[in-house]
Amino acid sequence: MAVFLPKGTRDFLPLQMRQRRQVIETVRAVFVRHGFEALETPAFERIETLTGKYGEEGDRLIYKILKRGKGGEQGEADLALRYDLTVPFARVLSMNQDLRLPFKRFQMQPVWRADRPQKGRFREFWQCDVDVAGSTSPAAEAECLAVATESLQELGFTGFTVLLNDRRILASFARLLGVEAREGALLVALDKLDKVGKDGVSAELTGRGFPPELPERLWALLDVPAENDAALDALEARLDQGGRDGVAALRQVLSLSAALGVDLSRVQVAPTLARGLDYYTGPVYEIVVADGGVGTVAGGGRYDGLIGLLSGREVPAVGIALGLERLLTVMEERGMFADLTPEAEVFVTVFSPALLEASLKVGAGLRARGIPVEIYLGDRKLKAQFKEADARKSRWVVVVGPDEATAGTLTLKDLRRGGQRVCAIDEAAEAILTG
RNA sequence: GUGGGUGUAGCUCAGCUGGCAGAGCACUGGAUUGUGGUUCCAGGGGUCGUGGGUUCAAGCCCCAUCUCCCACCCCA
């Protein structure tokens with residue numbers, strides 16, 4: 001029988017698990033250092049909690065769960081797998097109005113999207129998400145950028161860029177161009193700029209029925225200096241009040257980020273950055289890496305209306321999510337993982353069936369001294385067991401043969417350096433622990 | 001949802017204008033009677049994704065189908 005993994009999913013074998021845990025633990029340490037607290041939510045939500053929050057495209061990609069019993073046979077769904085961690089977080093805020101605000105939480109869990117898989121894109125993937133609820137201060141955005149860039153740096157990333165924009169700037173473009181009602185379509189076309197170029201975007205805009213002169217006017221609005229402050233000055237001069245609010249917010253985000261230690265040479269104001277999710281209301285940002293072929297490794301922004309939409313109680317919020325498998329894809333391709341050895345560096349052999357208990361006792365003794373130990377559970381001869389230990393990249397091999405069993409000692413061999421000694425268990429433990 | 005590739009040993013792949021299914025790595029046994037990584041010798045492994053068709057003969061040609069990958073859309 002041929003068996004297949006569901007499309008867009010993967011098994012994580014021990015080697016992958018070591019890499020994933022290394023990344024998760026590094027990121028978690030940064031999150032905790034910034035005062036974020038752990039939170040987890042169920043894999044699925046009531047479907048009405050999720051729909052209508054992400055936009056038309058997003059809604060289409062939500063995995064729905066059929067009703068149990070009669071309704072399910074008609075194709076009715078009342079539950080759905082979570083699409084991101086932001087909306088469940090907003091639901092938690094809505095249901096727990098006694099949480100002290102501002103509330104900072106991190107969440108690292110899988111999310112599901114009924115997408116077509118490709119490089120760096122899966123149907124089940126993990127997000128490492130931090131959010132701040134109850135703060136309108138741009139310092140909250142700055143915290144998000146600081147936490148994300150520090151995470152990348154501690155993982156060993158050197159080349160990455162933070163792209164920064166504000167939804168109000170984009171809305172202002174639409175108003176100034178007189179196409180306020182079609183802001184969404186404008187943004188979708190604009191977002192493709194770095195892929196299809198100006199001509200491509202122009203063609204798409206006119207193709208979508210925008211006035212023929214609109215592209216030129218749009219390029220004029222977007223023609224800003226590369227340097228961040230100069231770009232914001234230029235935008236401020238030509239946008240309406242709404243757009244200027246966005247510009248002012250970005251100025252503060254930049255200066256507060258710098259105060260938190262973010263390297264502003266990595267941050268680029270990008271007036272064309274759109275981001276597809278409907279719930280964003282203010283600053284939005286994305287972190288991209290040049291190589292690795294996955295593009296975006298993190299994204300987020302401010303969503304001041306989402307919690308109010310769920311509970312009627314307006315709570316401003318802002319967050320950022322790192323995509324775990326995108327980080328892993330790039331790290332793998334860049335060779336950023338050291339040779340990860342197995343958890344148990346000590347391999348205890350079993351000399352013969354008669355000496356199994358002697359080996360178990362030695363293994364238990366080493367474990368009692370805090371040493372992770374793998375005891376051989378197969379039935380092959382000693383030579384094969386040494387090969388096994390070598391193949392598993394164990395550092396140490398312990399042999400308890402007739403001589404050792406009689407003398408109450410063990411043989412400890414260092415596979416890395418090659419030497420071995422016969423000694424008591426305390427001396428062996430000492431040697432292992434001191435490397 | 002749209003388009004383009006792909007599938008042969010556990011893994012990476014080769015296989016010519018159709019003519020006996022291959023290599024490297026991995027694995028197993030031995031040279032070594034209590035010791036790995038190097039070397040040498042020997043060996044086990046395949047419904048050629050699946051189902052049809054053409055042919056004396058199909059891994060190769062034709063049709064269908066599935067898988068995975070890549071790109072679009074959108075996103076982490």
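Please read these numbers as outputs of a predicted model, since none were measured by experiment. Proteins get letters first, then strands, A, B, ... in listed order; numbering begins at 1 in each.
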Under 3.5 Å, is there a donor-acceptor pair between the A/R18 and A/Q16 side chains?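 No donor-acceptor contact under 3.5 Å links the two side chains.
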Quantified in whole Å, what is the [atom1] atom distance between nucleotide [N] and nucleotide [M]?
| N | M | atom1 | value |
| --- | --- | --- | --- |
| B/rA23 | B/rC48 | C1' | 16 Å |
| B/rC41 | B/rA26 | P | 15 Å |
| B/rG44 | B/rG10 | P | 16 Å |

Partner residues of A/Y83 under the ring pair (Phe, Tyr, Trp, His ring centres under 6.0 Å) criterion, sequence neighbours left out: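 For A/Y83, the residues satisfying ring pair (Phe, Tyr, Trp, His ring centres under 6.0 Å) (neighbours in sequence not counted) are A/Y54.
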Can you list everything that forms a ring pair (Phe, Tyr, Trp, His ring centres under 6.0 Å) with A/Y303? Sequence neighbours excluded, please.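 With sequence neighbours excluded, A/Y303 shows a ring pair (Phe, Tyr, Trp, His ring centres under 6.0 Å) to A/Y279, given in chain and number order.
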List the atom pairs, donor and acceptor, that lie under 3.5 Å between side-chain atoms in residues 397-406 of chain A and the rest of the protein, sequence neighbours left out.
| residue | atom | partner | partner atom | Å |
| --- | --- | --- | --- | --- |
| A/E404 | OE1 | A/G401 | N | 3.0 |
| A/E404 | OE2 | A/T411 | OG1 | 2.5 |
| A/T406 | OG1 | A/P402 | O | 2.8 |

Over 12 non-hydrogen atoms of neighbours within 6.0 angstrom of CD in A/E25: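 Enclosed: over 12 neighbouring heavy atoms sit under 6.0 Å from CD of A/E25.
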How would you label the contact of [X] with the nucleic acid (heavy atoms, under 4.0 Å): base, sugar-phosphate, or nothing?
| X | value |
| --- | --- |
| A/D84 | nothing |
| A/V297 | sugar-phosphate |
| A/D129 | nothing |
| A/S352 | nothing |
| A/A298 | sugar-phosphate |
| A/G418 | base |

Can you list every ring pair (Phe, Tyr, Trp, His ring centres under 6.0 Å) pair that touches residues 123-168 of chain A, not counting sequence neighbours?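 Output for this query is empty, none listed.
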Residue pairs involving residues 15-51 of chain A (criterion ring pair (Phe, Tyr, Trp, His ring centres under 6.0 Å); sequence neighbours excluded):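 Passing the test, one end in residues 15-51 of chain A: A/F31-A/F106.
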Test salt bridge (charged side-chain N to carboxylate O under 4.0 Å, His left out) applied to [X] - qualifying residues, sequence neighbours left out:
| X | result |
| --- | --- |
| A/E325 | A/R10, A/R20 |
| A/R326 | none |
| A/E76 | A/K67 |

Nucleic acid footprint by protein, nucleotides 26-31 of chain B - heavy-atom cut-off 4.0 Å, B for base, S for sugar-phosphate alone: --SSS-
Along nucleotides 65-70 of chain B, 5' to 3', which nucleotides get a B, which get an S, and which get a -, given that the test is a protein heavy-atom distance under 4.0 Å? --SS-S
Give RNA chain B the dot-bracket treatment, 5' to 3': Watson-Crick (N1-N3 with N6-O4 or O6-N4) or G-U (N1-O2, O6-N3) under 3.5 Å, [ ] crossing, | other strand. (((((.(..((((.....[..)))).(((((.......))))).....(((((..]....)))))).)))))....
Starting at the 5' end of RNA chain B and moving along, which residue's nearest nucleotide shows up first, A/E286 or A/E404?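 In this pair, the answer is A/E404.
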Can you find a donor-acceptor N/O pair under 3.5 angstrom joining the side chain of A/D390 to the base of B/rG36?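 Indeed there is one.
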So for A/Q385 and B/rU35, does any side-chain atom that can act as donor or acceptor lie under 3.5 Å from a complementary atom in the base?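 Donor-acceptor pair under 3.5 Å: no.
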Would you please name every residue forming a side chain to side chain donor-acceptor pair (under 3.5 Å) with A/D59, sequence neighbours left out?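 For A/D59, no residue satisfies side chain to side chain donor-acceptor pair (under 3.5 Å) once neighbours in sequence are set aside.
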